[in-house]
2 protein chains.
Amino acid sequence: MQRDTKQKRAILKVLTGTRSHPTAEWIYNEVRNEIPNISLGTVYRNLRLMADAGDILELDMCGAVSRFDARRDNHYHFRCERCGEVCDVDEPVHQELDEKVAKVTGFTVSYHKLVFVGLCRECPGTPISKS
Amino acid sequence: MQRDTKQKRAILKVLTGTRSHPTAEWIYNEVRNEIPNISLGTVYRNLRLMADAGDILELDMCGAVSRFDARRDNHYHFRCERCGEVCDVDEPVHQELDEKVAKVTGFTVSYHKLVFVGLCRECPGTPISKS
DNA sequence: TTAGGTGCAAAACCTTTGCCATCCC
DNA sequence: GGGATGGCAAAGGTTTTGCACCTAA
């Protein structure tokens with residue numbers, strides 16, 4: 001069972017108090033203002049705990065390692081959260097989203113990456129609830 | 001200038017010949033059937049060369065390191081390819097895409113991750129062409 | 001009391017890089 | 001010939017883990 005510690009509270013406070021999407025290293029530096037002798041391992045451990053519990057979001061695409069694709073055109077992917085397989089999805093690319101977001105944000109949008117996540121046909125069962 | 005070597009050809013052949021989205025390690029093992037003494041470094045070097053040249057796609061989200069977000073609801077992100085900043089995008093989540101893809105693929109789709117890529121307002125200039 | 005958490009350091013893991021020999025162009 | 005590439009091994013950077021000591025419940 002998850003316990004309530006000052007380290008955990010401090011990490012969550014830093015994460016809640018920023019509008020950026022910080023890395024573990026950045027969070028570590030911030031938290032040290034409050035708990036100078038906290039260790040980087042503790043930051044990683046708690047971020048993992050909270051991400052797995054669904055208390056925070058971890059931004060990644062397909063896990064830690066890069067994957068490569070000989071197709072050069074932009075297209076969507078599906079990743080099975082049980083077996084880790086990645087495959088192409090036939091859904092056409094919605095380029096109008098790029099224009100819409102460009103208009104709203106004022107940014108220059110070149111393209112977007114989209115990954116559907118769930119269970120493939122070889123991995124029956126209930127989706128992983130992360131808790 | 002990019003040179004034409006048998007290592008490069010073999011790597012591209014493996015990548016073209018699979019419908020999976022392999023990791024560098026997996027490609028390395030396949031290529032060794034043809035070039036037993038090829039080194040893993042060469043595989044990485046060529047994948048990077050080809051990805052940077054736009055000959056293949058590299059599947060990743062925000063670079064190597066994980067980023068975290070205190071928002072728990074699914075939402076879209078924007079990443080500036082020049083300065084690396086990541087920020088939230090207000091565009092509502094298109095959940096109907098999940099159902100559509102589920103219907104077409106037969107997979108169970110829990111959610112999708114979407115990242116717009118381009119240049120933020122602080123990074124003027126032409127988008128990075130990767131070549 | 002005790003299972004879970006912490007700090008520290010080492011290990012694990014993926015990827016890049018330096019060096020020198022080799023090979024395209 | 002000369003610069004790009006390959007093989008090898010070492011280094012680099014991020015994340016995880018083992019262990020002994022704490023601490024919240």
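Please read these numbers as outputs of a predicted model, since none were measured by experiment. Chain identifiers are assigned alphabetically (A, B, ...) following the order of the sequence lines, protein sequences preceding nucleic acid strands; residue numbering begins at 1 within each chain.
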Distance-only polar pair, side chains of A/His75 and A/Asp90, donor-acceptor under 3.5 Å: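 Not at all, the side chains of A/His75 and A/Asp90 share no donor-acceptor pair under 3.5 Å.
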Could one point to a donor on the side chain of A/Arg45 or the base of C/dG7 with an acceptor on the other under 3.5 Å away?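 Side chain to base: pair found, below 3.5 Å.
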In this structure, how many angstroms lie between the [atom2] atom of [N] and the [atom1] atom of [X], rounded?
{"X": "A/Lys6", "N": "D/dA25", "atom1": "NZ", "atom2": "C1'", "value": "18 Å"}
{"X": "A/Asp4", "N": "D/dT23", "atom1": "CG", "atom2": "C1'", "value": "12 Å"}
{"X": "A/Asn46", "N": "C/dG4", "atom1": "CG", "atom2": "P", "value": "15 Å"}
{"X": "B/Arg32", "N": "D/dG6", "atom1": "CZ", "atom2": "C1'", "value": "16 Å"}
{"X": "A/Arg9", "N": "C/dT6", "atom1": "CZ", "atom2": "C1'", "value": "14 Å"}
{"X": "B/Glu25", "N": "C/dT15", "atom1": "CD", "atom2": "C1'", "value": "11 Å"}
{"X": "B/Trp26", "N": "C/dC14", "atom1": "CH2", "atom2": "P", "value": "17 Å"}
{"X": "B/Tyr28", "N": "D/dC8", "atom1": "OH", "atom2": "P", "value": "8 Å"}

Of the listed nucleotides C/dG5, D/dT5, D/dC8, the one nearest the side chain of B/Ser39: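 Per side-chain heavy atoms of B/Ser39, the pick is D/dC8.
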Under 4.0 Å between a Lys/Arg side-chain N and an Asp/Glu carboxylate O for A/Arg71 and A/Asp69?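 Not counted as a salt bridge, because no side-chain N and carboxylate O are separated by less than 4.0 Å.
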Going by an N to O cut-off under 4.0 Å, is there a salt bridge joining B/Glu34 and B/Lys6?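 No, B/Glu34 and B/Lys6 are not salt-bridged.
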Verify the contact: side-chain N or O of [X] to OP1 or OP2 of [N], cut-off strictly under 4.0 Å; return yes or no.
{"X": "B/Thr5", "N": "C/dC23", "value": "no"}
{"X": "B/Thr42", "N": "D/dG7", "value": "yes"}
{"X": "A/Gln2", "N": "C/dA3", "value": "no"}
{"X": "B/Tyr44", "N": "C/dT15", "value": "yes"}
{"X": "A/Arg48", "N": "D/dT16", "value": "yes"}
{"X": "B/Gln7", "N": "C/dC23", "value": "no"}

Is B/Arg32 close enough and on-axis enough to B/Tyr28, meaning under 6.0 Å and within 45°, for cation-pi?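 The answer is yes, since B/Arg32 meets both limits relative to B/Tyr28.
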Carefully, step by step, assess B/His94 and B/Tyr76 under the rule side chain to side chain donor-acceptor pair (under 3.5 Å). CA-CA 10 Å; B/His94 291 256; B/Tyr76 297 159; 5.2 Å; no
Between A/Ile35 and B/Ala24, just flag the one whose closest nucleotide in DNA chain C comes earlier from the 5' side.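 Nearer the 5' end of the strand: A/Ile35.
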